[in-house]
Colleague: 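Got a structure for you, written out below as structure tokens; questions coming shortly.
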Amino acid sequence: MPDTSDLPADLQAAIAFHGHLCPGLLIGYRAANAAAASLGVVRSEDEDLVLIAENSSCSVDAFQALLSTTYGKGNLFLEDNGKQVFTLGDRATGDAIRVALRFDAFDAKGSTREEKIERLLTGETEELFHLNPVRLKLPDKAQILPTVRCGRCHEGAMLSRTIAKGDVVYCMPCARDLGLA
């Protein structure tokens with residue numbers, strides 16, 4: 001990995017989280033910073049920020065590292081449309097911003113990995129992204145529900161992820177195997 005010691009501390013933290021510096025991580029880094037600045041927010045302490053990511057690429061790791069929008073906290077949602085598009089919402093205000101990588105952000109003839117990294121490190125936000133305020137109904141906060149025992153495999157599953165038939169509860173894989181889901 002190239003020397004990253006001269007990069008901003010928050011980018012170094014994102015690189016440490018992700019494992020390496022790459023164009024995808026930088027797309028997410030720039031998008032996360034643009035979204036946070038637009039909404040006037042900082043790192044999510046609990047579930048106050050919500051991210052809807054339209055891809056499952058390296059870029060999502062930057063949002064997790066910088067804004068603490070994570071699967072584990074239940075404030076990261078994936079709608080994999082294969083697009084470098086991210087909607088960040090603030091539960092406190094109901095405001096949200098949609099950040100989309102511009103189709104023309106890179107040379108149409110194709111850019112090398114190094115050229116993309118340089119462009120993402122130095123380019124103006126407006127040259128790289130479209131930012132559009134949006135109103136949306138933010139997903140509910142994550143619920144913590146009891147764990148119940150599956151009547152077939154006997155493993156524990158969160159109650160909301162089970163299907164009951166009579167007075168027997170089945171986890172989703174067992175329910176699918178039995179033709180219940």
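In this chain, numbering begins with 1 at the start of the sequence shown.
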Colleague: Do Phe17 and Leu66 have side chains that get closer than 4.5 Å, going by heavy atoms?
Modeller: no
Colleague: How far apart are the closest heavy atoms of Ala65 and Ala13, and which atoms are they?
Modeller: CB-O, 4.5 Å
Colleague: Would you say that Ile52 contacts Leu76 through its side chain, given a criterion of any heavy-atom pair below 4.5 Å between the two side chains?
Modeller: no
Colleague: Can you give me the closest heavy-atom contact between Leu136 and Ala96, atom names plus distance?
Modeller: CD2-CB, 3.9 Å
Colleague: Is a side-chain N or O of Asn55 found less than 3.5 angstrom from the main chain of Gly82, in a donor-acceptor match?
Modeller: no
Colleague: Tell me, do Leu67 and Val42 make a side-chain contact under 4.5 Å, heavy atoms counted?
Modeller: no
Colleague: Write out all pairs satisfying side chain to side chain donor-acceptor pair (under 3.5 Å) with one or both partners inside residues 24-40, taking only residues at least two apart or from two chains.
Modeller: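 Sorted result for residues 24-40: Asp10-Tyr29, Arg30-Thr125.
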Colleague: To the nearest 0.5 angstrom, please state how far the CG atom of Leu26 sits from the CG atom of Leu11.
Modeller: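 One finds 6.0 Å between CG of Leu26 and CG of Leu11.
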Colleague: Quick one: does any side-chain atom of Arg98 pair with a main-chain N or O of Phe86 as donor and acceptor, under 3.5 Å?
Modeller: no
Colleague: Side-chain heavy atoms under 4.5 angstrom apart, residues restricted to Ile, Leu, Val, Met, Phe, Trp, Tyr: same cluster for Val169 and Leu180?
Modeller: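 Per the 4.5 Å side-chain linkage, Val169 and Leu180 are not co-clustered.
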Colleague: Could you please spell out the steps behind the side-chain contact (heavy atoms from CB on, under 4.5 Å) verdict for Cys22 and Arg113?
Modeller: CA-CA 8 Å; Cys22 64; Arg113 181 179 194 273; 3.5 Å; yes
Colleague: For the residue pair His130 and Leu101, establish whether any side-chain heavy-atom pair is separated by less than 4.5 Å.
Modeller: no
Colleague: Can you check whether Asp95 reaches Val41 side chain to side chain, under 4.5 Å on heavy atoms?
Modeller: no
Colleague: Can you check whether Leu25 reaches His20 side chain to side chain, under 4.5 Å on heavy atoms?
Modeller: no
Colleague: Any chance you could measure His18, atom NE2, to Asp61, atom CG, to the nearest 0.5 Å?
Modeller: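 His18 NE2 to Asp61 CG: 5.5 Å, rounded to 0.5 Å.
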Colleague: Got a second to check how far Ile117's CD1 is from Thr112's OG1, nearest 0.5 Å?
Modeller: 8.5 Å
Colleague: Please determine if Arg102 and Glu126 form a salt bridge, counting it only when a charged side-chain N lies under 4.0 Å from a carboxylate O.
Modeller: no
Colleague: Look only at the side chain of Glu118 and the backbone of Glu115, and say whether a donor-acceptor pair between them is shorter than 3.5 Å.
Modeller: no
Colleague: Side chains of Asp80 and Ser56: any donor to acceptor distance under 3.5 Å?
Modeller: yes
Colleague: Is there a chain of hydrophobic side chains (I, L, V, M, F, W, Y, each step under 4.5 Å between heavy atoms) that links Met172 to Val148?
Modeller: no
Colleague: Are Leu121 and Ile27 grouped together when hydrophobic residues (ILVMFWY) are joined by side-chain heavy atoms under 4.5 angstrom apart?
Modeller: yes
Colleague: Looking only at side chains, do Thr69 and Gln64 share a donor and an acceptor under 3.5 Å apart?
Modeller: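 No, no side-chain donor-acceptor pair sits under 3.5 Å.
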Colleague: More than 12 heavy atoms of other residues, nucleotides or ligands under 6.0 Å from CZ of Arg161: is that the case?
Modeller: no
Colleague: May I ask you to test the Glu155-Cys171 pair for a side-chain heavy-atom distance under 4.5 Å?
Modeller: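 Not touching, per the 4.5 Å side-chain cut-off.
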Colleague: Within the side chain of Asp46, is there an N or O that forms a donor-acceptor pair under 3.5 Å with the backbone of Asp48?
Modeller: no
Colleague: Consider only side-chain N and O atoms of Ser57 and Gln84, and report whether a donor and an acceptor are under 3.5 Å apart.
Modeller: yes
Colleague: Tell me whether Gln12 contacts the main-chain N or O of Ala9 through its side chain, where contact means a donor paired with an acceptor under 3.5 Å.
Modeller: no
Colleague: Checking side-chain polar atoms at under 3.5 Å, does Asn75 have a donor or acceptor matched by the opposite partner on Glu47?
Modeller: no
Colleague: Quick one: which residue pairs count as a salt bridge (charged side-chain N to carboxylate O under 4.0 Å, His left out) with a foot in residues 164-179, not counting sequence neighbours?
Modeller: Arg152-Asp177
Colleague: Show, in sequence, the C-alpha distance, side-chain angles and deciding distance for Tyr170 and Leu178, and conclude whether the side-chain contact (heavy atoms from CB on, under 4.5 Å) test is met.
Modeller: CA-CA 9 Å; Tyr170 298 98; Leu178 296 169; 3.6 Å; yes
Colleague: Could you check whether any side-chain N or O of Lys73 sits under 3.5 Å from a backbone N or O of Ser68, counting only pairs where one atom can act as donor and the other as acceptor?
Modeller: yes
Colleague: Between Ile15 and Leu7, is a side-chain contact (heavy atoms from CB on, under 4.5 Å) present by the stated rule, with each step listed?
Modeller: CA-CA 10 Å; Ile15 293 167; Leu7 297 175; 3.9 Å; yes
Colleague: So do Val50 and Leu88 actually touch side chain to side chain, heavy atoms under 4.5 Å?
Modeller: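 No; the side chains remain at least 4.5 Å from each other.
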Colleague: Could you check Val99 against Thr87 for side-chain contact (heavy atoms from CB on, under 4.5 Å), going step by step and ending with a plain yes or no?
Modeller: CA-CA 6 Å; Val99 181; Thr87 302; over 6 Å; no
Colleague: Please say yes or no: joined through hydrophobic side-chain contacts below 4.5 Å, possibly via intermediate residues, are Val85 and Val60 part of one cluster?
Modeller: no
